[in-house]
Amino acid sequence: MSRIPQQLTMGVIIGNRGFFPSYLVAEAREQAVVLFDRLGIKTIMLNDTQTELGGVETRQDAKVCAELFRQHRDEIHGVVVLLPNFGDEKAIAETLRISGLNVPVLVQAQEDNLNKMGLATRRDSFCGKISLCNNLRQYGIPFTLTTQHVCALSGEVFEKDLKRFEQICRVVSSMRGVRVGAIGARPAGFNTVRYSEKLLERLGIAVETLDLSEIFTRIKQLRDDDIRVDEKHRILLANADTSGIPADKLVTMAKLFVVISEWVVANDIDTTAIQCWTSLQENLGINVCSIMSVMSGQLMPSACEVDVMGALSMFALASSNLSPASIADWNNNFGDDRNKCVLFHCGNFAASSLENPHMGTADIIGTTVGKENTCGAVHGRMKSGDLTYFRLSTDDLTGEIKAYVGEGQSVDDPLDTVGCRAVIQVPHLENLLSWICQNGFEHHVAMNHSASAAVLQEAFNRYLGVNTYLHQ
């Protein structure tokens, strides 16, 4: 089961400052409860018996709120700060510091009405937000801003901002402590997918390895009529049309699926990178592509050619919007159109992203290992629509993890080829490709149907400490 959280929990801080109207705090709390409930977001916030009106204004309020957050620290994915009036910037900053939370923070300030600028009704949140952000920066607490400097708590603008913040929190929460399974050795000809485990450890990411010889031994111990094999066999049949695949090949795939799945569960693996050629073809006579397609569809992405950083890129994309991600090569130009290109891989895309997916053979690899030994590749054209592409990489020369991200479109222009493929359109594509080459990125890229570039850029840049280039 995917570790990506489905429902999120937010800590909520409502700021207050005594010489501004305090009734605005109670009003904000009521509106917040309605909004978060409607969006299906759980909340941890003070009630009006713990502090005055449930707001945070004093050092004592900060201690009470921080203790509440500490009690729920394993549940909280992010903190939302609401400023219905100017607020006390020091008390809010101290709440976050004392709580010890290391999660994304969203700062919202309520807008004033021109007909309510008297002492009994004015807010001055416009000014208070600047003061709070100044203090957060002094305290070294990263934060996210709303689209507008001030906005209505019950309005459409803030609702969209909150949904976007939810995505940021999901990415940050998912990436911290992620565990990657590296199955098999990197293909000898693929220096491009080399990476640094030590740099990943700095980000709290662990890599577990498994030799293919262990997989082959475990497969031999499985009977064809094992109930676990039958279960995986049914999943493969449901993923794509298998009418052209021999029955014995499907059984072998199912056994491989059982072994990989049990190792994933036993080792708490979130995403995998597999040596997909040529050992599997030579020893088992199959491709692993369909198994990878299923796992990616279950939000447990799987990357080809032991591309660990590609697997992490897929996992980040999937976590941003709970949409399956796939991995492909930046593979071909599309005629003379310099803003379009072809993304291609032998056959590992998540089936839900494809038009009419069917299982076949991997014809390119088949030229060296025999086409009959490559059953299991998925074939299909990526559906048209919004597209986000993303790539993480470790750079030993600079000692950093880096990334790029951007958006485009998957388009339905005619393309006569096999495997998993997509024609995509990206603004200023030539500039992007030049940037990729100049900065030493790999030829693999993760992508899915979404518009999540800004979310990923903020999550990695601001909260995970990964320098992320946003292509526009």
Side-chain angles (χ1 to χ4, degrees), residues 5 7-20 22-33 35-37 39 41-110 125 128-146 153 158 161-162 165-166 168-170 172-173 176-177 204 459 462-465:
Q7 185 181 40
L8 299 189
T9 299
M10 301 290 176
V12 180
I13 300 173
I14 304 177
N16 189 26
R17 180 162 286 194
F19 47 79
F20 288 91
S22 292
Y23 77 89
L24 297 173
V25 174
E27 179 182 272
R29 194 178 190 284
E30 292 174 2
Q31 292 177 341
V33 168
L35 175 61
F36 283 87
D37 283 350
L39 296 181
I41 302 172
K42 296 175 63 178
T43 58
I44 306 295
M45 71 173 89
L46 295 170
N47 60 45
D48 57 10
T49 67
Q50 294 168 296
T51 64
E52 183 179 358
L53 301 173
V56 173
E57 181 179 6
T58 67
R59 167 76 177 177
Q60 184 58 34
D61 294 342
K63 291 167 64 178
V64 172
C65 189
E67 176 58 29
L68 176 65
F69 286 175
R70 277 201 299 268
Q71 293 171 7
H72 297 274
R73 64 180 305 154
D74 292 337
E75 305 168 44
I76 295 176
H77 299 96
V79 173
V80 180
V81 178
L82 306 176
L83 295 178
N85 61 31
F86 191 104
D88 189 292
E89 67 269 21
K90 185 176 180 181
I92 293 171
E94 289 190 340
T95 300
L96 292 167
R97 172 183 279 177
I98 298 168
S99 72
L101 291 176
N102 182 23
V103 296
V105 176
L106 176 66
V107 181
Q108 182 269 353
Q110 187 82 4
S125 308
K129 181 173 181 177
I130 298 172
S131 295
L132 171 59
C133 292
N134 175 279
N135 275 258
L136 292 179
R137 193 169 186 275
Q138 289 185 48
Y139 281 52
I141 299 171
F143 55 89
T144 295
L145 298 174
T146 50
L153 178 55
F158 181 60
D161 286 336
L162 188 54
F165 182 66
E166 190 178 11
I168 292 171
C169 292
R170 186 175 283 113
V172 173
S173 172
R176 286 176 174 160
R462 191 176 304 279
Y463 296 107
L464 295 171

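Since the structure is predicted, the reported quantities are computational estimates derived from the model, not experimental observations. Numbers for residues simply follow the sequence, beginning at 1.
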*Please list, chain by chain and in numerical order, all residues satisfying ring-ring contact (aromatic ring centres under 6.0 Å, His included) with Phe86, sequence neighbours excluded.*
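Scan of Phe86 (ring-ring contact (aromatic ring centres under 6.0 Å, His included), adjacent residues dropped) gives Phe20.
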Nearest atoms (heavy-atom pairs only) where [X] meets [Y]:
{"X": "Ala93", "Y": "Ile141", "result": "O-CD1, 3.9 Å"}
{"X": "Cys169", "Y": "Leu8", "result": "CB-CD1, 4.0 Å"}
{"X": "Leu153", "Y": "Ala28", "result": "CD2-O, 3.4 Å"}
{"X": "Phe143", "Y": "Tyr463", "result": "C-OH, 3.1 Å"}
{"X": "Ser22", "Y": "Leu53", "result": "O-CD1, 3.1 Å"}
{"X": "Gly140", "Y": "Pro142", "result": "O-CD, 3.5 Å"}

Separation of [Y] [atom2] from [X] [atom1] (nearest 0.5 Å):
{"X": "Ile13", "Y": "Ser99", "atom1": "CD1", "atom2": "OG", "value": "7.0 Å"}
{"X": "His77", "Y": "Arg176", "atom1": "NE2", "atom2": "CZ", "value": "11.5 Å"}
{"X": "Leu136", "Y": "Ser131", "atom1": "CG", "atom2": "OG", "value": "11.0 Å"}
{"X": "Met10", "Y": "Ile76", "atom1": "CE", "atom2": "CD1", "value": "10.5 Å"}
{"X": "Phe69", "Y": "Thr95", "atom1": "CZ", "atom2": "OG1", "value": "7.5 Å"}
{"X": "Glu89", "Y": "Leu83", "atom1": "CD", "atom2": "CG", "value": "9.5 Å"}

*asked:* I'd like to check Leu24 versus Glu27 (side-chain heavy atoms, cut-off strictly below 4.5 Å). Are they in contact?
replied: yes
*Mind checking whether Gln31 and Leu82 have side chains closer than 4.5 Å, heavy atoms only?*
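No, their side chains stay 4.5 Å or more apart.
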Quick one: list whatever passes side chain to side chain donor-acceptor pair (under 3.5 Å) with [X], sequence neighbours left out.
{"X": "Glu166", "answer": "none"}
{"X": "Arg73", "answer": "none"}
{"X": "Asp88", "answer": "none"}
{"X": "Asn135", "answer": "none"}

*What residue pairs, at least two apart or across chains, pass salt bridge (charged side-chain N to carboxylate O under 4.0 Å, His left out) with a residue in residues 75-87?*
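Residue pairs passing salt bridge (charged side-chain N to carboxylate O under 4.0 Å, His left out), neighbours aside: none found.
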Could you pull out all residues at least two apart from [X] that satisfy side chain to side chain contact (heavy atoms under 4.5 Å, CB included)?
{"X": "Arg29", "value": "Ile14, Val33, Met45, Asn47"}
{"X": "Arg59", "value": "Lys63, Glu94, Ile98"}
{"X": "Gln138", "value": "Asn134"}
{"X": "Thr58", "value": "Gln60, Asp61"}

*Answer yes or no: does atom CZ of Arg137 have more than 12 heavy-atom neighbours from other residues, nucleotides or ligands under 6.0 Å?*
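No.
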_salt bridge (charged side-chain N to carboxylate O under 4.0 Å, His left out) involving Glu30 - partner list, sequence neighbours excluded_ =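 Salt bridge (charged side-chain N to carboxylate O under 4.0 Å, His left out) check on Glu30 returns nothing, list empty.
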Distance-only check: which donor-acceptor pairs under 3.5 Å involve side-chain atoms of residues 101-108, not counting sequence neighbours?
unit_1: Gln108; atom_1: NE2; unit_2: Gln110; atom_2: OE1; d: 3.4
unit_1: Gln108; atom_1: NE2; unit_2: Cys151; atom_2: O; d: 3.0

*So, does Arg170 use its side chain to make a donor-acceptor pair with the main chain of Pro5 at under 3.5 Å?*
yes
*Show your working on side-chain contact (heavy atoms from CB on, under 4.5 Å) between Glu57 and Val25 and close with a plain yes or no.*
CA-CA 11 Å; Glu57 181 179 6; Val25 174; over 6 Å; no
*Start with the C-alpha gap between Phe165 and Val80, add the side-chain angles, then the distance that decides, and say whether side-chain contact (heavy atoms from CB on, under 4.5 Å) holds.*
CA-CA 9 Å; Phe165 182 66; Val80 180; 4.0 Å; yes
